[in-house]
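Quantities reported herein were computed from a predicted structural model and do not represent experimental measurements.
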Amino acid sequence: MLRLLILTIAATALLPAAAHAETNPTTAPRKADLADRIAGTYEGAVISDARGSSRDNVTVTVTRVGPNKVEIKSDYARIPAVTIPLEKAMDAILAASGPHVFLLDTVRSPDKLDLSIDDASWSGNRVAAPAQK
């Protein structure tokens with residue numbers, strides 16, 4: 001009977017630690033990818049548009065939405081919001097697939113982004129990176 005009492009007390013003492021370990025699992029930090037490298041706010045100009053004229057002072061926001069995948073949003077209606085998968089080819093980060101052109105040369109001009117979306121070509125430079133978490 002004494003043995004059962006000691007085992008019950010020991011098990012009860014260990015239970016809160018085990019419950020705490022299950023509710024707060026330790027996860028390794030996520031490894032940075034191409035989308036992290038590209039994310040930020042860029043300012044530039046629509047340099048060519050098949051359906052209109054050029055336009056200065058166009059802001060493009062690039063947001064990481066998944067591994068090597070970004071969402072492009074603009075304050076200019078001619079550049080619609082799109083999601084673009086990314087890949088690295090030599091010194092450049094490019095659109096991995098789809099109808100959109102996405103180009104950032106990581107060596108020659110690491111903060112200059114070139115896009116062609118919906119027959120509008122835009123070129124600009126990074127003005128802000130996303131806040132680190």
Side-chain angles (χ1 to χ4, degrees):
M1 181 75 160
L2 183 58
R3 183 183 299 181
L4 181 60
L5 181 61
I6 292 172
L7 289 174
T8 303
I9 292 171
T12 305
L14 294 175
L15 185 61
H20 179 69
E22 290 177 15
T23 58
N24 294 328
T26 304
T27 58
R30 176 179 58 79
K31 183 180 176 187
D33 61 11
L34 298 175
D36 291 310
R37 165 65 182 87
I38 296 295
T41 302
Y42 296 79
E43 288 183 1
V46 173
I47 54 177
S48 169
D49 189 347
R51 298 184 199 142
S53 60
S54 300
R55 180 173 172 158
D56 291 332
N57 301 317
V58 176
T59 301
V60 168
T61 304
V62 181
T63 307
R64 182 187 190 277
V65 293
N68 296 326
K69 190 179 284 190
V70 292
E71 180 180 51
I72 308 292
K73 289 185 179 178
S74 172
D75 64 352
Y76 182 47
R78 279 288 299 123
I79 301 176
V82 296
T83 300
I84 300 177
L86 303 174
E87 68 181 357
K88 187 164 171 95
M90 298 181 71
D91 293 333
I93 298 175
L94 312 164
S97 62
H100 313 296
V101 174
F102 183 103
L103 173 64
L104 185 133
D105 188 324
T106 61
V107 174
R108 291 188 191 114
S109 49
D111 288 327
K112 182 176 186 257
L113 178 63
D114 294 302
L115 300 170
S116 287
I117 299 172
D118 195 30
D119 295 330
S121 294
W122 177 92
S123 184
N125 292 302
R126 183 192 313 258
V127 293
Q132 297 295 322
K133 294 180 182 177

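- Heavy atoms only, all atoms of each residue included: Pro85 and Ser97 are closest at CG-OG, 3.4 Å.
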Applying side chain to side chain donor-acceptor pair (under 3.5 Å) to Thr106 and Asp91, what does each step give before you reach the verdict? CA-CA 6 Å; Thr106 61; Asp91 293 333; 4.9 Å; no
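- Note on Leu94 and Leu113: separate hydrophobic clusters, where clusters join Ile, Leu, Val, Met, Phe, Trp and Tyr whose side-chain heavy atoms are under 4.5 Å apart, directly or indirectly.
- The 12-atom threshold is not exceeded at CG of Asn57, counting heavy atoms of other residues, nucleotides or ligands nearer than 6.0 Å.
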Check step by step if side chain to side chain contact (heavy atoms under 4.5 Å, CB included) holds for Ile79 and Asp118. CA-CA 7 Å; Ile79 301 176; Asp118 195 30; over 6 Å; no
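- When all heavy atoms of Ala35 and Gly66 are compared, the pair lying nearest together is CB-O, 3.8 Å.
- Ion pairing of Lys112 with Asp105 is absent here, as no side-chain N (NZ or NE/NH1/NH2) approaches a carboxylate O to less than 4.0 Å.
- How far OG of Ser116 is from CD1 of Ile47: 7.0 Å, rounded to the nearest 0.5 Å.
- The CZ atom of Arg126 sits 11.5 Å away from the OG atom of Ser109 when rounded to the nearest 0.5 Å.
- Atom NZ of Lys69 has 12 or fewer neighbouring heavy atoms from other residues, nucleotides or ligands inside a 6.0 Å radius.
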Show your working on side chain to side chain contact (heavy atoms under 4.5 Å, CB included) between Lys73 and Thr63 and close with a plain yes or no. CA-CA 8 Å; Lys73 289 185 179 178; Thr63 307; 6.0 Å; no
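- Tyr76 and Ile117 end up in the same hydrophobic cluster when Ile, Leu, Val, Met, Phe, Trp and Tyr side chains are linked at under 4.5 Å.
- Hydrophobic cluster of Val127: no remaining members, since no ILVMFWY side chain lies below 4.5 Å from it.
- For the atom pair Asp111 CG and Ile38 CD1, the distance stands at 9.5 Å (nearest 0.5 Å).
- Atom CZ of Arg108 is surrounded by 12 or fewer heavy atoms from other residues, nucleotides or ligands within 6.0 Å.
- The nearest pair of heavy atoms linking Leu104 to Arg37 is CD2-NH2, 3.7 Å.
- Residue Thr59 comes nearest to Asp75 through the heavy atom pair N-OD1, 2.9 Å, listed as atom of the first residue, atom of the second, then distance.
- Every residue meeting the side-chain hydrogen bond (donor to acceptor under 3.5 Å, both in side chains) condition with Asp33, not counting sequence neighbours, appears here in chain and number order: Arg64.
- Between Asp36 and Ala32, the closest heavy-atom pair is OD2-CA, 3.3 Å.
- A chain of hydrophobic side-chain contacts below 4.5 Å, direct or via other Ile, Leu, Val, Met, Phe, Trp or Tyr residues, connects Val82 to Val62.
- Of the charged side-chain nitrogens involved, none lies within less than 4.0 Å of a carboxylate oxygen, so that Asp49 and Arg55 do not count as a salt-bridged pair.
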Using the side chain to side chain contact (heavy atoms under 4.5 Å, CB included) rule, take Trp122 and Tyr42 through it: C-alpha gap first, then chi angles, then the decisive distance, then the call. CA-CA 10 Å; Trp122 177 92; Tyr42 296 79; 3.4 Å; yes
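- The closest side-chain heavy-atom distance from Asn68 to Lys88 is not below 4.5 Å.
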Trace of the side chain to side chain contact (heavy atoms under 4.5 Å, CB included) decision for Val60 with Ile72: CA-CA 7 Å; Val60 168; Ile72 308 292; 3.7 Å; yes
